[in-house]
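Everything numeric here is computed off the predicted structure, so don't read it as measured data.
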Amino acid sequence: MKKKILSILMCVLALSCVLTGCSKKKKTTEPAPITPTSEGLVFQLWGTPEATAPETDENGIVIPSETAAPEADGGYYIVVGYKGTSTEVLIPATYNGKPVAAVYPSAFAENTSITGITIEDGVSAIGSYAFYGCISLNRVDLGSTMQTIEWSAFEKCTALEKIAFPSYISAIGNSAFNGCTALTEVSFAATKVDEADETAEGGIKTTTHELAIGKEAFKNCTKLSTVTFADECQANVGEAAFEGCTALTALSFGEGVKTLANGAFRSCYALTTVSIPQSITSIGEEAFKSCSALNTLTINSESKLAIEKSVFSGCKKLAVLNVGKNIKSITSSSFSGCSELATVNFDGTTAEWNKLTWKNRFSSATIVCTDETITRE
């Protein structure tokens with residue numbers, strides 16, 4: 001009898017374990033975020049008679065000195081190297097009571113440990129090759145006062161995912177982000193700055209400037225899917241700047257971009273729609289060549305563009321073109337290889353269409369004018 005009772009109790013206990021769980025599950029906790037630190041940064045005094053250029057090795061990479069530069073009246077500091085161990089780095093606005101102006105060329109080049117860079121407001125420049133080949137770097141906060149990013153500054157940072165450029169930015173050098181193969185999103189703020197000025201109405205002075213995006217600046221960023229220019233971003237997009245961004249699907253020029261150089265968006269195979277605003281006054285040869293998924297192209301009806309050679313050549317799925325009567329010229333090769341172009345929506349009358357010198361470039365398409373449709377047989 002005792003054995004039966006014991007057996008029943010054990011069964012009850014087993015069932016209770018099944019229903020309620022006898023073992024405590026270990027709680028999994030996310031690791032605490034690492035606070036960016038400036039510990040380990042190497043600074044060099046600049047802009048004073050006592051200041052000297054930092055010593056570099058045969059590859060141009062700064063050799064960090066063991067002592068800080070001598071103190072002097074005036075001047076500013078630049079970051080010339082990093083000897084720390086933290087993976088999250090803070091570039092401060094001041095050091096030893098003086099402003100920090102820039103990151104020196106090659107200061108962090110080929111550092112494979114750092115994962116994040118935070119730059120405080122006040123720092124305005126990043127030198128060439130400053131973060132070249134930092135293959136673990138996945139986050140960069142440029143701050144609000146960054147003005148210049150020199151050539152190859154972030155080239156081959158293959159873990160970097162997003163980058164947002166502030167209003168002060170005026171120059172992004174050649175190949176600055178070339179080969180950043182994890183980069184998915186790039187955004188550009190309006191190149192318009194409000195600053196305190198006692199002499200201005202309301203105490204605020206608004207200034208505007210242009211942004212120069214260098215040759216091949218974002219070339220072969222093969223995961224880049226979104227590029228956004230804010231309204232009033234007066235950008236000049238350099239030669240082959242976004243060439244080979246094969247995942248690009250969302251491209252917005254806003255109402256401020258001014259020029260697109262040769263091959264600017266060549267071979268962006270996933271791009272399906274493009275809208276050219278009135279602000280764009282020049283598009284170079286082959287700017288959108290071989291964008292083989294491009295289906296719909298809209299050129300602002302007030303645009304006075306001259307469309308150069310091979311700008312849209314090889315866009316073999318282009319089916320619809322929306323265009324106005326003010327286009328100056330279209331060359332014979334501008335749309336070569338656009339074999340599926342079936343419809344041109346023309347913002348003008350039939351009489352205005354018939355006066356155009358470039359109308360025969362679309363002899364096989366249906367032309368939809370504001371007053372009637374011209375159908376090709």
Looking only at atom types and distance, does a side-chain atom of [X] sit under 3.5 Å from a main-chain N or O of [Y], one as donor and one as acceptor?
X      : Y      : value
Glu120 : Pro92  : no
Thr349 : Glu352 : yes
Ser187 : Thr228 : no
Thr373 : Thr375 : no
Arg361 : Phe335 : no
Asp141 : Gly143 : yes
Thr366 : Val344 : no
Thr259 : Ser282 : no
Ser225 : Thr184 : yes
Ser170 : Gln147 : yes

Would you check if there is a donor-acceptor pair between the side chains of [Y] and [X] at a distance under 3.5 Å?
X      : Y      : value
Asp121 : Thr145 : no
Thr350 : Asp371 : yes
Ser334 : Thr331 : yes
Glu210 : Asn236 : yes

Is the closest side-chain heavy-atom distance between [X] and [Y] below 4.5 Å?
X      : Y      : result
Val103 : Phe108 : yes
Val42  : Lys83  : yes
Thr191 : Leu211 : yes
Val186 : Leu224 : yes
Leu321 : Thr343 : no
Lys219 : Phe242 : no
Pro36  : Val89  : no
Ser310 : Glu285 : no

Between [X] and [Y], which heavy-atom pair has the shortest distance, and what is it?
X      : Y      : answer
Pro166 : Met146 : CG-O, 3.9 Å
Ser86  : Ile114 : O-CG2, 4.1 Å
His209 : Gln234 : O-CB, 3.8 Å
Lys156 : Cys180 : N-SG, 4.4 Å
Leu183 : Ile163 : CD1-N, 4.1 Å
Gly238 : Ala261 : C-CB, 3.5 Å

Hey, any chance [X] and [Y] share a hydrophobic cluster, counting ILVMFWY side chains that come within less than 4.5 Å of each other, even indirectly?
X      : Y      : result
Ile374 : Ile327 : yes
Ile149 : Tyr168 : no
Tyr132 : Val80  : no

Nearest 0.5 Å, what's the [atom1]-[atom2] distance between [X] and [Y]?
X      : Y      : atom1 : atom2 : value
Thr87  : Ile117 : OG1   : CD1   : 10.0 Å
Ser279 : Glu232 : OG    : CD    : 10.5 Å
Ile119 : Ser144 : CD1   : OG    : 11.5 Å
Ile276 : Leu297 : CD1   : CG    : 6.0 Å
Phe131 : Phe154 : CZ    : CZ    : 5.0 Å
Ser303 : Gln278 : OG    : CD    : 7.0 Å

CA sep, side-chain torsions, deciding dist, call: Ser128, Ser152, side chain to side chain contact (heavy atoms under 4.5 Å, CB included): CA-CA 6 Å; Ser128 57; Ser152 299; 5.8 Å; no
Within 6.0 Å of NZ in Lys359, more than 12 heavy atoms from elsewhere: yes
May I ask you to decide whether Arg266 forms a salt bridge with Glu243, counting only side-chain N to carboxylate O separations under 4.0 Å? yes
Hey, is Arg139 close enough to Glu88 for a salt bridge, meaning N to O under 4.0 Å?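 Glu88 and Arg139: salt-bridged.
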Mutual orientation of the aromatic rings belonging to [X] and [Y] [parallel < 30°, tilted 30-60°, perpendicular > 60°]:
X      : Y      : answer
Phe188 : Phe218 : perpendicular
Trp358 : Phe346 : perpendicular
Phe43  : Tyr77  : perpendicular

Going through the checks in order, is the ring-ring contact (aromatic ring centres under 6.0 Å, His included) test met by Phe165 and Phe177? CA-CA 13 Å; Phe165 296 96; Phe177 294 85; 5.7 Å; yes
Dump the intermediate steps for side chain to side chain donor-acceptor pair (under 3.5 Å) on Asp194 and Thr206, then the final yes or no. CA-CA 4 Å; Asp194 293 331; Thr206 301; 2.6 Å; yes
Start with the C-alpha gap between Asp347 and Val323, add the side-chain angles, then the distance that decides, and say whether side chain to side chain contact (heavy atoms under 4.5 Å, CB included) holds. CA-CA 6 Å; Asp347 188 25; Val323 67; over 6 Å; no
Walk me through whether Phe265 and Phe253 qualify under ring-ring contact (aromatic ring centres under 6.0 Å, His included). CA-CA 12 Å; Phe265 292 89; Phe253 287 120; 5.7 Å; yes
As a quick check of understanding, evaluate side chain to side chain contact (heavy atoms under 4.5 Å, CB included) for Phe312 and Ile307, giving each step before the final call. CA-CA 9 Å; Phe312 298 98; Ile307 301 178; 4.3 Å; yes
Does the side chain to side chain contact (heavy atoms under 4.5 Å, CB included) test come out yes or no for Asn322 and Ile299, once each step is laid out? CA-CA 6 Å; Asn322 302 308; Ile299 301 174; over 6 Å; no
Passes salt bridge (charged side-chain N to carboxylate O under 4.0 Å, His left out), Glu340 versus Lys317? Steps please. CA-CA 6 Å; Glu340 295 186 19; Lys317 290 190 177 180; over 6 Å; no
